[in-house]
Amino acid sequence: MTMPEDAGECLARSVAGLTGAAVERRHEALMEWAETELQLDRGYAEQVYTLAEEEELEPVYGFLLIRCGIGVTELEPPDGRDEEESSQQAPPGWVGQETVELDNVGLERRLRSSFRRMRGHLERAATSREAVASFLAEPDVGPLRLR
């Protein structure tokens, strides 16, 4: 998949500009930044923040993926067996109010998949720049509307 260079450059520049303090911004400061800088609705920004935390990704990285419009574009179709089994079982006790469900299920799946993949690259790479480069090199990562 070909990606517009400006989208990849946007992500690389944005992540390179982060310092330790910027990565670990307080919730309220990050929400204000998402509303003013990214023009996100507060409710949507809160959902993105919570999804990123659920996927164990620092929320600022999730917001940067949205800002630059990059994510995992192709998703594996769910296995019918898993769907059948999950619809017959009650959710585990830990599932509760913390679970985020966006109105658009496809969008939620793309966000979760993108956040999970980015986290994996951040965990394996020596630097965030290396993580972004390997994330962008994945064949199913490309331009994606994540709003």
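Within the structure, the salt bridge (Lys or Arg N to Asp or Glu O under 4.0 Å) test picks out the following pairs touching residues 61-72 (sequence neighbours left out): E37-R67. Applying the disulfide bond (SG atoms under 2.5 Å apart) test to every pair with at least one member in residues 35-69, sequence neighbours left out, gives these pairs: C10-C68.
Annotation: side chain to side chain contact (heavy atoms under 4.5 Å, CB included) contacts of A45 (sequence neighbours excluded): M31, A34, L40, F63. Applying the side chain to side chain contact (heavy atoms under 4.5 Å, CB included) criterion to R129, with sequence neighbours excluded, gives A16, T127. For E32, there are no side-chain hydrogen bond (donor to acceptor under 3.5 Å, both in side chains) partners at least two apart in sequence or on another chain. With sequence neighbours left out, the side chain to side chain contact (heavy atoms under 4.5 Å, CB included) criterion links A133 to no other residue. With sequence neighbours left out, the salt bridge (Lys or Arg N to Asp or Glu O under 4.0 Å) criterion links E130 to no other residue. Residues satisfying the side chain to side chain contact (heavy atoms under 4.5 Å, CB included) criterion with E53, sequence neighbours excluded, are Y49, P59. Checked against side-chain hydrogen bond (donor to acceptor under 3.5 Å, both in side chains), R116 has the following partners two or more places apart in sequence or in another chain: E55. In this structure Q39 satisfies the side-chain hydrogen bond (donor to acceptor under 3.5 Å, both in side chains) test with no other residue, sequence neighbours excluded.
With respect to S14, the side-chain contact (heavy atoms from CB on, under 4.5 Å) criterion is satisfied by exactly one of V132, V60, L64: L64.
Distance CZ/R117 to NE2/H121: 6.0 Å, rounded to 0.5 Å. Here the straight-line distance linking atom CD of E35 with atom CD of E46 works out to 8.0 Å at 0.5 Å rounding. Distance check, rounded to the nearest 0.5 Å: CG of L107 to CZ of R112 gives 11.0 Å.
Taking the side chain as every heavy atom from C-beta outward, Y44 and I66 approach each other to under 4.5 Å.
Residues G62 and L57 share a closest heavy-atom pair of N-CD2, 3.8 Å.
Between the side chain of S113 and the backbone N or O of R109, no donor-acceptor pair lies under 3.5 Å.
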